[in-house]
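Written out below as structure tokens is the structure these notes cover.
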Amino acid sequence: MREEILKAVAQPPKVLWAPLIPAIINLGVQFPAMFMGIGLGGINPMIFIVSIIGAHIALIAAGIKEPHLSTMLQAYGQTYKKTTNLYAESGNKFVP
């Protein structure tokens, strides 16, 4: 087997020790909130910076407990799609 494949499976991507996708979501939510808070409310940015660091530390802890958190989020997004049932039944069935 190729080493790159084994490394990608065994060591998922991280940003400063936190899982990649949750870290990007954290920054994608908190940076716009910080800039809107500064621009619209004149709020001190240190509050947001402490919040960003605290959330990142929580993501690091979650990433230590479950290293494949990014992959789990991607899999959840794939299984949450609506399916069409061939037979008239209630609920989603993943059978063809």
Side-chain angles (χ1 to χ4, degrees):
M1 278 195 185
R2 294 177 41 182
E3 184 177 333
E4 295 90 21
I5 295 172
L6 293 175
K7 186 176 181 182
V9 171
Q11 299 171 349
K14 297 189 179 289
V15 175
L16 296 173
W17 305 286
L20 180 67
I21 292 177
I24 290 173
I25 292 171
N26 177 36
L27 294 177
V29 169
Q30 294 218 23
F31 272 132
M34 178 176 70
F35 291 128
M36 285 189 292
I38 293 169
L40 297 175
I43 299 173
N44 187 357
M46 286 305 290
I47 296 169
F48 292 104
I49 292 173
V50 169
S51 171
I52 290 170
I53 292 171
H56 195 78
I57 290 171
L59 287 174
I60 291 171
I64 289 172
K65 185 175 180 182
E66 180 57 57
H68 295 280
L69 193 58
S70 295
T71 309
M72 290 171 56
L73 287 173
Q74 289 173 341
Y76 178 75
Q78 292 295 321
T79 59
Y80 195 65
K81 291 180 183 176
K82 275 289 207 188
T83 59
T84 56
N85 298 335
L86 293 176
Y87 307 109
E89 293 185 35
S90 62
N92 291 333
K93 308 292 185 228
F94 289 104
V95 293

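Numbers for residues simply follow the sequence, beginning at 1.
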Minimum heavy-atom distance between Ile38 and Ile43, given as atom pair plus value:
CG1-O, 3.7 Å
With clusters defined by side-chain heavy atoms of hydrophobic residues (ILVMFWY) lying less than 4.5 Å apart, directly or transitively, does Ile24 cluster with Phe31?
no
Should Ile64 and Trp17 count as side-chain neighbours, where that means a heavy-atom distance under 4.5 Å?
no
If the test is side chain to side chain contact (heavy atoms under 4.5 Å, CB included), which one of Val15, Asn26, Ile25, Leu16 qualifies with Leu59?
Asn26
Is Ile53 linked to Ile60 within one hydrophobic cluster, defined over Ile, Leu, Val, Met, Phe, Trp and Tyr using a side-chain heavy-atom separation of less than 4.5 Å?
no
Nearest heavy atoms of Ala62 and Leu69, plus distance in Å:
CB-CD2, 4.1 Å
Might you point out which heavy atoms bring Pro67 and Pro12 nearest each other, and give the distance in Å?
O-CG, 3.1 Å
So which atom in Pro32 and which in Leu27 form the shortest heavy-atom distance, rounded to 0.1 Å?
CD-O, 3.8 Å
Hey, quick one: are Phe35 and Val50 part of the same hydrophobic cluster, counting side-chain heavy atoms closer than 4.5 Å, chains of contacts allowed?
no
Which heavy atom of Ala23 sits nearest a heavy atom of His56, and at what distance?
CB-CE1, 4.3 Å
Drop me the distance from Met72's CE to Gln74's CD, to the nearest 0.5 angstrom.
12.0 Å
Determine, using the 4.5 Å side-chain heavy-atom cutoff (strictly less than), whether Leu40 and Met34 are members of one ILVMFWY cluster.
no
With a 4.5 Å cut-off on side-chain heavy-atom distances among I, L, V, M, F, W and Y, is there a chain of contacts connecting Ile57 to Met46?
yes
